Amino acid sequence: MPIQSVEPQRLYRQIAEQLRALIAQGEFAAGTRLPAERDLARQLGVSRPSVREALIALEVEGWVEVRTGSGVYVLERTRRTSQPAAAANEWGPLELIRARRVVEGETAAIAAQQRKRAHVDAMDRAIADMRDMADRCVMPLEGDRAFHLAIVDACGNAVLSETVQGFWDSRRGPIFTRLGGYFETVKSWRSAIAEHQAIRDAIAARDAAAARDAMHEHMDKSHQRFSASWRRAKAS
């Protein structure tokens, strides 16, 4: 047998593969509920966010179904897709948020030191767009993207700009989209908009420490929203 190249895998992919194999072997029969996230995390020796990312990946691929308020259930084989619907290199949503916290906390601080009036105006327009879309019960994703790109644009660094754009655009992937479908609501977006306003105000005031803290708080709360109990999904 010829040697084949080995490619590094995301942790959630490794977890998903193990769970997929157990399902295929009949350890978890169709129609049965999988163990709770905390129990799977303990048995696998990984974090609960990584387990959640793996379960969402399996749902995207048609192996399981998340039933809010109940749990995660194994689907019949006939309901599964023949090919994975998510790219093998797609970042896990919760891991992505933690990485954004590190990078965008610093871009917010730099923006506070270097911003021009035009950058603050761009943030104001983005927040106004987000509020308008939320009022129309539309998820304000484009306004969110414009806001974060306006911040990094104030840094005047092309590498940071492309990095933040890559971070944000990664949330368009099927795993992040599916997870957002459970936990993103108009109410949660209104909370996020208020967090954006706090970031904007700190940058406008040229307070680098406050801008960093406000961005950290925003990312921490975003992580909490996506990590909430399945019983709370779409409840707020």
Side-chain angles (χ1 to χ4, degrees), residues 90-91 93-228 234 236:
E90 183 177 345
W91 289 327
L94 295 167
E95 191 175 38
L96 174 61
I97 291 171
R98 302 311 290 173
R100 288 184 61 191
R101 183 188 192 276
V102 174
V103 175
E104 295 195 56
E106 293 311 306
T107 59
I110 295 170
Q113 296 170 326
Q114 300 184 179
R115 63 84 174 165
K116 294 182 172 59
R117 182 69 239 177
H119 298 120
V120 177
D121 290 343
M123 292 175 218
D124 287 339
R125 288 193 298 273
I127 290 173
D129 287 344
M130 292 174 71
R131 285 181 174 141
D132 176 64
M133 294 186 76
D135 288 344
R136 292 185 284 114
C137 295
V138 177
M139 298 299 104
L141 296 175
E142 288 308 313
D144 185 26
R145 181 179 188 274
F147 179 83
H148 287 277
L149 293 186
I151 292 174
V152 75
D153 185 52
C155 298
N157 185 300
V159 175
L160 286 174
S161 292
E162 291 181 15
T163 299
V164 171
Q165 182 171 319
F167 282 165
W168 203 96
D169 290 346
S170 291
R171 67 165 292 149
R172 299 177 186 269
I175 297 176
F176 206 123
T177 299
R178 182 65 62 93
L179 187 61
Y182 288 114
F183 295 102
E184 289 183 314
T185 64
V186 171
K187 183 177 179 180
S188 73
W189 269 107
R190 290 194 192 285
S191 296
I193 292 168
E195 293 157 22
H196 284 72
Q197 185 69 51
I199 298 167
R200 177 268 179 209
D201 290 346
I203 292 174
R206 299 191 185 278
D207 189 333
R212 181 187 296 108
D213 289 345
M215 182 64 79
H216 285 171
E217 183 176 6
H218 171 48
M219 291 301 170
D220 288 344
K221 288 184 175 178
S222 294
H223 196 276
Q224 291 169 12
R225 285 188 279 268
F226 283 109
S227 301
K234 288 302 186 187
S236 59

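In this chain, numbering begins with 1 at the start of the sequence shown. All values below come from the heavy atoms of this structure, side chains included, with hydrogens, waters and symmetry mates left out. Everything numeric in this text was worked out from a predicted model, so none of it was measured.
With salt bridges taken as basic N to acidic carboxylate O contacts below 4.0 Å, one links D121 and R117. At a threshold of 4.0 Å, the pair E90-R178 does not count as salt-bridged, since none of the basic side-chain nitrogens sits closer than that to a carboxylate oxygen. Taking 4.0 Å as the cut-off between side-chain N and carboxylate O, R171 and E184 count as a salt-bridged pair. A salt bridge links R98 with D220: at least one charged nitrogen is closer than 4.0 Å to a carboxylate oxygen. Salt-bridge annotation for D135 and R131: absent, with no side-chain N of the basic residue lying under 4.0 Å from a carboxylate O of the acidic one.
A 4.5 Å side-chain heavy-atom check between R115 and I151 finds every atom pair outside the cut-off. Taking 4.5 Å as the limit, every side-chain heavy atom of T185 sits out of range of all side-chain heavy atoms of R190. Within the 4.5 Å cutoff, the side chain of V102 has no heavy atoms near those of the E106 side chain. In this structure the side chain of W189 never reaches within 4.5 angstrom of the side chain of M133, judged on heavy atoms. With contacts defined as side-chain heavy-atom distances shorter than 4.5 Å, the pair D132/R136 qualifies. Contact of the M130 side chain with the H196 side chain is registered, since non-hydrogen atoms from C-beta on lie closer than 4.5 Å. Between L179 and I175 there is no side-chain heavy-atom pair separated by less than 4.5 Å. Annotation: side chain of M219 is not in contact with side chain of H216 (no heavy-atom distance under 4.5 Å).
Note on ring orientation: taking the six-membered ring where Trp is involved, the planes of H218 and H148 are parallel (angle under 30°, cut-offs 30° and 60°).
Atoms CG and OG, on L96 and S170 in that order, are 5.5 Å from each other to the nearest 0.5 Å. Residue E217 holds its CD atom at 9.0 Å from CD1 of I199, rounded to the nearest 0.5 Å. Residue F147 holds its CZ atom at 4.5 Å from CD1 of I127, rounded to the nearest 0.5 Å. Note: D153 CG to Q114 CD = 11.0 Å, rounded to the nearest 0.5 Å. One finds the CZ atom of F167 at 8.5 Å from the CZ atom of R100 (value rounded to the nearest 0.5 Å). To the nearest 0.5 Å, atom CD1 of residue I193 and atom CG of residue D144 are 9.0 Å apart.
Outside the 6.0 Å centre-distance limit, the rings of F226 and Y182 are not counted as a close aromatic pair.
Under the side chain to side chain donor-acceptor pair (under 3.5 Å) criterion, D201 pairs with Q197, sequence neighbours left out. By the side chain to side chain donor-acceptor pair (under 3.5 Å) test, S227 is found to be paired with H223, residues two or more places apart in sequence or in another chain being considered. With sequence neighbours excluded, no residue forms a side chain to side chain donor-acceptor pair (under 3.5 Å) with Q113.
Smallest separation of non-hydrogen atoms from R225 and S188: CD-CB, 3.8 Å. Of all non-hydrogen atoms in F176 and P93, the two that sit nearest each other are CD1-CB, 3.5 Å. The heavy-atom pair separating G166 from W91 by the smallest distance is O-CZ3, 4.0 Å. Minimum heavy-atom separation, A112 to A202: CB-O, 4.3 Å. Here the shortest heavy-atom pairing between A111 and A154 reads CB-CB, 3.8 Å. When all heavy atoms of I203 and A211 are compared, the closest pair comes out as CG1-CB, 3.9 Å.
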Report the C-alpha distance between R101 and I97 in whole Å, list the side-chain angles of each, state the deciding distance to 0.1 Å, and finish with yes or no for side chain to side chain contact (heavy atoms under 4.5 Å, CB included).
CA-CA 6 Å; R101 183 188 192 276; I97 291 171; 5.8 Å; no
